[in-house]
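Reading through the structure tokens given below for one structure.
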Number of protein chains: 2
Amino acid sequence: MAPERYPQLELDSQLCFPLYAASRAVTRRYADLLGEVGLTYPQYLALLGLWSASAPLTVGELGARLSLDSGTLTPVLKRLEGAGWVSRRRDPEDERRVLVEPTAEGWALRERVADVPQRLVEGMGLDVAELVQLRQLLDRLRTALG
Amino acid sequence: MAPERYPQLELDSQLCFPLYAASRAVTRRYADLLGEVGLTYPQYLALLGLWSASAPLTVGELGARLSLDSGTLTPVLKRLEGAGWVSRRRDPEDERRVLVEPTAEGWALRERVADVPQRLVEGMGLDVAELVQLRQLLDRLRTALG
DNA sequence: CGCAATCATATTGTGCACAATTAAAAGAGG
DNA sequence: CCTCTTTTAATTGTGCACAATATGATTGCG
């Protein structure tokens, strides 16, 4: 039963655990900052996707940007709708689709969270070059895994 | 409302989304591989922690290694217990504590997942040096965020 | 046209994450 | 001893993630 017979199964020796733990740590930090305006982290990501679009997005389009399916997005969007930050309506030209876009309040919220990325980066302990490098490695990882 | 007025709020321009998306992509890949033996990814992580220990761990000790609290770990460990892979018992010397350790079947499971890390790395599209670098950056990030 | 196949979203069920609360046990001081 | 505080898990409640399924709308094809 000696653990040293399976060095590849040590928690920190592979990539999975550091990635999982770092992701949760960042999410927790975001939750602290976003709690001030009443947003969760996935709700914030959904708004980032909607803010970046020049027109209303369908649930499927937003899901493609976030790699999230309707089972996750539908309740997130309904909570954002309930809070008054997004509107949801069936596309009159294709009743299968639901068009989502920020409300006026949702657009205004963007200003209130504009400083969140900078505040987060300040606590990360990495310089700009390292952040860029980390992002590139993560993007390649995500692309490779489909 | 021009999106270009908030470049720091673009999905891919900050670190949070690539990290979040990459972590979910890796978890999905693990789920594929671990589904063969009937494990979820958090269950696998809990077993990694227990396999590395030379003696039974308390819930708190395992939680410290995984950065997970009892609200998450207790149901995970109960499901592992229900599947016959770990045992849970109160510490006779301190009845507040619950001692957790793999059963014989739980130890045997280690051999069946021994090739999972290698199989995962093969689909990542990164060479060994890049994996080491990525892990180091993630560890520093996690340390900095507490 | 009729209708089977496809598509877009919603719903259901399971399993995390995590904050907040509860409850029981152990230690500390008087 | 006997409370008061601390420690340790479990429980409760909310909100994701995601697979599987259901529902309804659209498209193609004969």
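Sequence lines set the chain letters: A, B, ... in the order given, protein chains first and strands last, and positions in each chain run from 1. This one's a predicted model, so the numbers in the text were calculated from it and none came from an experiment.
- Rounded to whole Å, atom C1' of C/dG13 lies 12 Å from atom CZ of B/Arg79.
- Note: CG (B/Asp32) to P (D/dC18) measures 11 Å, nearest angstrom.
- For the pair B/Trp107 (side chain) and B/Trp85 (backbone), a donor-acceptor distance under 3.5 Å is absent.
- Taking only distance into account, the side chain of B/Ser70 meets the base of D/dA10 through a donor-acceptor pair shorter than 3.5 Å.
- The side chain of A/Arg24 contributes an N or O atom lying less than 4.0 Å from OP1 or OP2 of C/dC18.
- Between B/Thr58 and the phosphate of D/dA9, there is a side-chain N or O to OP1/OP2 separation shorter than 4.0 Å.
- In this structure, B/Arg97 does not reach the C/dA26 phosphate: none of its side-chain N or O atoms is under 4.0 Å from OP1 or OP2.
- D/dA9 atom P lies 8 Å from atom CZ of B/Arg90, rounded to whole Å.
- Residue-to-nucleotide proximity on DNA chain C shows that, of A/Val98 and A/Thr27, the 5′-proximal contact is made by A/Val98.
- Between A/Gly71 and A/Ala25, the residue anchored closer to the 5' end of DNA chain C is A/Gly71, taking for each the nucleotide with the nearest heavy atom.
- In this structure, the CG atom of A/Asp69 is 14 Å from the P atom of D/dC16, given to the nearest Å.
- Considering only heavy atoms from C-beta on, B/Leu145 comes within 4.5 Å of A/Val26 through its side chain.
- At whole-Å resolution of the value, CG in A/Leu34 and P in D/dC16 are 12 Å apart.
- Comparing A/Glu93 and A/Val76 by the nucleotide of DNA chain D that holds the closest heavy atom to each, the one mapping nearer the 5' end is A/Val76.
- Within the 4.0 Å cut-off from OP1 or OP2 of C/dA10, at least one side-chain nitrogen or oxygen of A/Arg88 is found.
- At D/dG15, none of the side-chain N or O atoms of A/Tyr41 fall inside 4.0 Å of OP1 or OP2 (strictly under the cut-off).
- Distances shorter than 4.0 Å separate some side-chain N or O of A/Thr74 from OP1 or OP2 on C/dA10.
- The side chain of B/Leu68 approaches C/dC18 more closely than any other nucleotide in the set C/dC18, C/dC16, D/dA9.
- With the nearest nucleotide of DNA chain D identified for both B/Thr72 and A/Pro92, B/Thr72 has the one nearer the 5' end.
- Relative ring orientation between B/Tyr30 and B/Tyr41 is described as tilted, the plane-to-plane angle lying within the 30° to 60° band.
- Under the 4.5 Å side-chain heavy-atom criterion for Ile, Leu, Val, Met, Phe, Trp and Tyr, A/Leu137 and B/Val132 are members of distinct hydrophobic clusters.
- Counting any heavy atom pair closer than 4.0 Å across all strands shown, B/Gly60 reaches sugar-phosphate atoms only and no base atom.
- Distances shorter than 4.0 Å separate some side-chain N or O of A/Thr40 from OP1 or OP2 on D/dC16.
- For B/Glu95, taking side-chain heavy atoms from C-beta onward, the closest of the listed nucleotides C/dA26, C/dC16, C/dA8 is C/dA26.
- Here the side chain of A/Gln136 pairs no donor or acceptor atom with the backbone of A/Gln133 at under 3.5 angstrom.
- Of the side-chain N and O atoms in A/Lys78, none sit less than 4.0 angstrom from OP1 or OP2 of C/dT9.
- Atom CG in B/Leu45 sits roughly 13 Å away from atom C1' in C/dA17 (whole-Å rounding).
- The nearest whole Å value for the distance from the CD atom in A/Glu81 to the P atom in C/dT9 is 15 Å.
- Between B/Arg28 and D/dC18 there is a side-chain N or O to OP1 or OP2 distance below 4.0 Å.
- Contact of A/Arg96 with D/dT26 (side chain to base): no donor-acceptor pair of N or O atoms is detected under 3.5 Å.
- Taking atom OH of residue B/Tyr20 and atom C1' of nucleotide C/dA17, one finds them 12 Å apart after rounding to whole Å.
- Counted within 6.0 Å of CD on A/Glu122, heavy atoms from surrounding residues, nucleotides or ligands total more than 12; the atom is thus considered enclosed.
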